[in-house]
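Structure first, commentary second.
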Number of protein chains: 2
Amino acid sequence: MPDLHPGLLMSIAARHVEMRVMRALHEAGHELTLAQGRLMAGIDGEGTRLTDLAARAQITKQSAGFLVDQVERLGYVERVPDPTDARARLVRLAPRGREAQREARHVERQVRHEWEQHLGQERMAALQDALTSLREITDPWA
Amino acid sequence: MPDLHPGLLMSIAARHVEMRVMRALHEAGHELTLAQGRLMAGIDGEGTRLTDLAARAQITKQSAGFLVDQVERLGYVERVPDPTDARARLVRLAPRGREAQREARHVERQVRHEWEQHLGQERMAALQDALTSLREITDPWA
DNA sequence: CCATTATGGTCAGTCTGTCTGACTAGGTTG
DNA sequence: CAACCTAGTCAGACAGACTGACCATAATGG
């Protein structure tokens, strides 16, 4: 059996994480889709502009606006005026959104722990190191 | 700067590979979409059943059928009867499909090489090792 | 040996997420 | 202050995914 391409192996594992997070959110009563989740993952504490959210998720601002409309209607985020720019508004997590975020982070920690159990500390550290380094040449956004 | 979650880092790198492959295919005159490419990646030498393709790409057989229709019309694959089961047909790469496959594999080798240059042989081997091991607990299809 | 169930695939209809292009309102700058 | 830039929306299109219903063929167990 020849080595599968690392990119493919990464897709498998990354997909697994997403699936675990989405499933947990669903079980906790949240009705978020993957696209909505990816978008919300880009919101930081003080709130984030639509344009920045779009860039982080690598989608157009139209798509981002569409998704923000949805999660706003569901009560996960709110749009507040940006005090520093009258054109802009900040998308901020509402209480329900922070709940979902907590849940997501919990599952992520759990997965990380499972991986460390499986690989052992040393290999896990090597993985984290290699991935972090690889980001320098693969992240279009950094 | 705290460590980003390995799953997220994997998404970034995996996406980079896909982007590189799609761009190269496009430059070589192939008009394949990402979804079509992912589907075709699941076709093996003797041909593969629609149902298996769907399972490998983790989509429904209806979606897979839709995509096969498209790439068949574009001349990348052909459907031939399955000699062992009259209900089934095998989806097989046509010459144009094999060309695209060669191109894709070429880019994948190139990316692998770039990564090895960046990480060094040892860290690259560690990465491959960790990812392969991780597959045991993250691949729903193995 | 046939009735039942399982499997491979299609048809019909729907929905989500994405895009491009055109536009408005509000900043920024020479 | 004129010209340009930037944040966001509106309108329209389309790809790709889903569910549910269905048909044809295989496989299985009384």
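Per chain, numbering begins at 1; letters A, B, ... match sequence-line order.
Straight-line distance from the CZ atom of B:Phe66 to the P atom of C:dA12: 14 Å, rounded to whole Å. Across the protein-nucleic acid pair, A:Met22 atom CE and D:dC18 atom C1' stand 15 Å apart, rounded to whole Å. One can place CG of A:Asp82 at 15 Å from C1' of C:dA25, the figure rounded to the nearest angstrom. Residue A:Asp69 contributes atom CG, which lies 18 Å from atom P of C:dC15 at whole-angstrom precision. We find that CG of A:Leu34 is positioned 9 Å from P of C:dG17, with the value rounded to whole Å. Atom pair A:Lys61:NZ and D:dT9:P shows a separation of 9 Å (rounding to whole Å applied). Whole-Å rounding puts the B:Leu67 CG to C:dG9 C1' distance at 15 Å.
The nucleotide whose nearest atom lies closest to any side-chain atom of A:Thr33 is, among C:dT16, D:dT25, C:dT10, C:dT16. In the set D:dA26, C:dT20, C:dC11, C:dC11 carries the atom at the smallest distance from any side-chain atom of B:Gln62. The side chain of B:Arg49 sits closest to C:dG8 out of C:dC19, C:dT7, C:dG8. The side chain of B:Arg87 lies closest to D:dA26 when the candidates are C:dT10, D:dT19, D:dA26. Across C:dG17, C:dT20, D:dG8, the shortest atom-to-atom separation from the side chain of A:Ala35 is found for C:dG17. Of the candidates C:dG27, C:dT18, C:dG9, the closest approach to any side-chain atom of A:Ile59 belongs to C:dT18.
Among the atoms of the strands shown, none is found under 4.0 Å from any heavy atom of B:Arg38. Within the nucleic acid shown, B:Gln70 comes within 4.0 Å of sugar-phosphate atoms alone, with no base atom in reach, counting heavy atoms only.
Listed for the A:Arg23 side chain is no donor-acceptor partner under 3.5 Å among the backbone atoms of A:Met19.
Side-chain N/O atoms of B:Arg79 include none lying less than 4.0 angstrom from OP1 or OP2 on C:dG8. For B:Thr51, no side-chain nitrogen or oxygen approaches OP1 or OP2 of C:dT7 to under 4.0 Å. Phosphate contact (OP1/OP2 of D:dT9, side-chain N/O of A:Arg89, threshold under 4.0 Å): present. For the OP1/OP2 pair of D:dC18 and a distance below 4.0 Å, the side-chain nitrogens and oxygens of B:Ser63 include at least one atom meeting the criterion.
A salt bridge links B:Arg56 with B:Asp44; the closest basic N to acidic carboxylate O contact falls under 4.0 Å. The pair B:Glu114-B:Arg20 counts as a salt bridge, with a side-chain nitrogen and a carboxylate oxygen less than 4.0 angstrom apart. With respect to the salt-bridge test (charged N to carboxylate O, under 4.0 angstrom), the residues B:Glu72 and B:Arg79 qualify.
A:His26 and A:Glu31 share no side-chain donor-acceptor pair at under 3.5 Å.
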